[in-house]
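Order of appearance sets the numbers: ligands from 1, and atoms from 1 within every ligand. We number each residue from 1, following the sequence as shown. As a basis for the values below, the full set of heavy atoms in this structure was taken, side chains included, without hydrogen atoms, waters or symmetry mates.
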Amino acid sequence: MKIGIIGAGNIGGNLTRRLTALGHDVSVANSRGPHTLTALAEETGATPVPVEEAARGAEIVVVTIPLKRVPDLPSGVLDGAADGVAVIDTGNYYPRQRDGRIAGIEDGGRTESRWTEGHLGHPVVKAFNGTYAQDILDRPRPAGAPDRMALPVAGDDEAAKARIRALIDELGFDTVDGGGIDDSWRQQPGTPVYGLRAGVEGVTEALAKAPPERPVDFRG
Ligand SMILES: NC(=O)c1ccc[n+]([C@@H]2O[C@H](COP(=O)([O-])OP(=O)(O)OC[C@H]3O[C@@H](n4cnc5c(N)ncnc54)[C@H](OP(=O)(O)O)[C@@H]3O)[C@@H](O)[C@H]2O)c1
């Protein structure tokens, strides 16, 4: 499958490693340009591209950059993607440590992914946001393995969500349906499921236990 990855850091780099190893055709971009991605390209066989070209022809695009940088993405960054492209948003809002206060999230009472959708002009599926980057390399397991981890996945577009859940299964993880994007507060930072290493049952229970208030450490 043709996959575009926007962001080549902890998460984007490791998804590039795994998805190329599975045989996918991966284009990867960062903010500084493809000439800074030659080591990752040599290691993985991914194609480094300018961010404007990352989504070109892609059936799945992963947006995995610090939240405060989302508004810096070029407008129309998803133009040229394949029809029905499914967009994964791995983002988290860290107002105190990294992102500063984002009024469009806090004042609007929006989930982080709803805010990101507004900037991208396209629906997203929230996935991997509570997964340690290293676990993408170290913790894949075959289907049915007793210690296979499950990841919560939220999104409004059921077809896109199904495609992404299938890709996550291919990557070696189970998934739990976290509902729509308005439900995705259940998997934001500070919730019981965030960073949880558990299977389907544990993740399902943790999503159900999430308190609706944004945890104080994650308010700007
Ligand atoms: N680290 C984790 O374990 C983890 C786990 C789950 C979710 N997350 C979330 O996933 C997101 C990415 O985290 P990360 O740790 O992978 O970040 P990171 O290591 O800091 O890497 C960020 C990447 O985004 C790129 N970038 C920044 N602004 C960009 C722009 N305007 N256009 C294109 N690329 C841009 C950076 O490129 P340059 O270096 O060229 O600027 C860099 O490659 C964050 O929202 C984070 O909270 C992280």
Residue [X] vicinity, atoms of ligand 1 by number, heavy atom under 4.0 Å:
X: Gly91; answer: 45 (O)
X: Phe128; answer: 6 (C), 7 (C)
X: Ile11; answer: 2 (C), 4 (C), 5 (C), 6 (C), 8 (N), 16 (O), 48 (C)
X: Thr90; answer: 7 (C), 8 (N), 9 (C), 10 (O), 11 (C)

Report yes if [X] has an N/O atom closer than 3.5 Å to an N/O atom of ligand 1; otherwise report no.
X: Ala133; value: yes
X: Gly7; value: no
X: Asn10; value: yes
X: Ile65; value: yes
X: Asn92; value: yes

- Message: As a quick check of understanding, evaluate salt bridge (charged side-chain N to carboxylate O under 4.0 Å, His left out) for Asp174 and Arg165, giving each step before the final call.
- Response: CA-CA 8 Å; Asp174 288 330; Arg165 292 180 74 176; over 6 Å; no
- Message: When you compare the side chains of Thr90 and Asn129, does any donor N or O come within less than 3.5 Å of an acceptor on the partner?
- Response: no
- Check the side chains of Ser31 and Asp72 for a donor-acceptor pair under 3.5 angstrom, ignoring hydrogens and angles. no
Note the single closest protein heavy atom to [atom], along with its residue, its atom name and the distance in Å.
atom: atom 22 (C) of ligand 1; answer: Pro66 CD, 3.6 Å
atom: atom 28 (N) of ligand 1; answer: Arg69 CZ, 3.3 Å
atom: atom 32 (N) of ligand 1; answer: Leu73 CD2, 3.5 Å
atom: atom 29 (C) of ligand 1; answer: Ser31 CB, 3.6 Å
atom: atom 40 (O) of ligand 1; answer: Arg32 NE, 2.7 Å

Taking only Lys NZ, Arg NE, NH1 and NH2, and the carboxylate oxygens of Asp or Glu, determine whether [X] and [Y] approach each other closer than 4.0 Å.
X: Glu112; Y: Arg214; value: yes
X: Arg219; Y: Glu106; value: no
X: Asp183; Y: Arg186; value: no
X: Arg101; Y: Asp107; value: yes
X: Asp156; Y: Lys126; value: no

- Task: Check for a donor-acceptor pair, side chain of Arg197 on one end and backbone N or O of Thr131 on the other, with a separation under 3.5 Å.
- Result: no
- Query: Is the ring centre of Tyr94 less than 6.0 Å from the ring centre of Phe218?
  - Reply: yes
For [atom], which of [options] has the closest heavy atom?
atom: atom 18 (P) of ligand 1; options: Gly9, Ala8, Pro50; answer: Gly9
atom: atom 46 (C) of ligand 1; options: Gln134, Arg98, Glu112; answer: Arg98
atom: atom 13 (O) of ligand 1; options: Asp89, Asn129, Thr64; answer: Thr64

- Contact partition for Thr131 relative to ligand 1, non-hydrogen atoms under 4.0 Å: backbone
- Message: Testing Val62, Ile5, Ile11 one by one against Thr16 for a side chain to side chain contact (heavy atoms under 4.5 Å, CB included), which residue passes?
- Response: Ile5
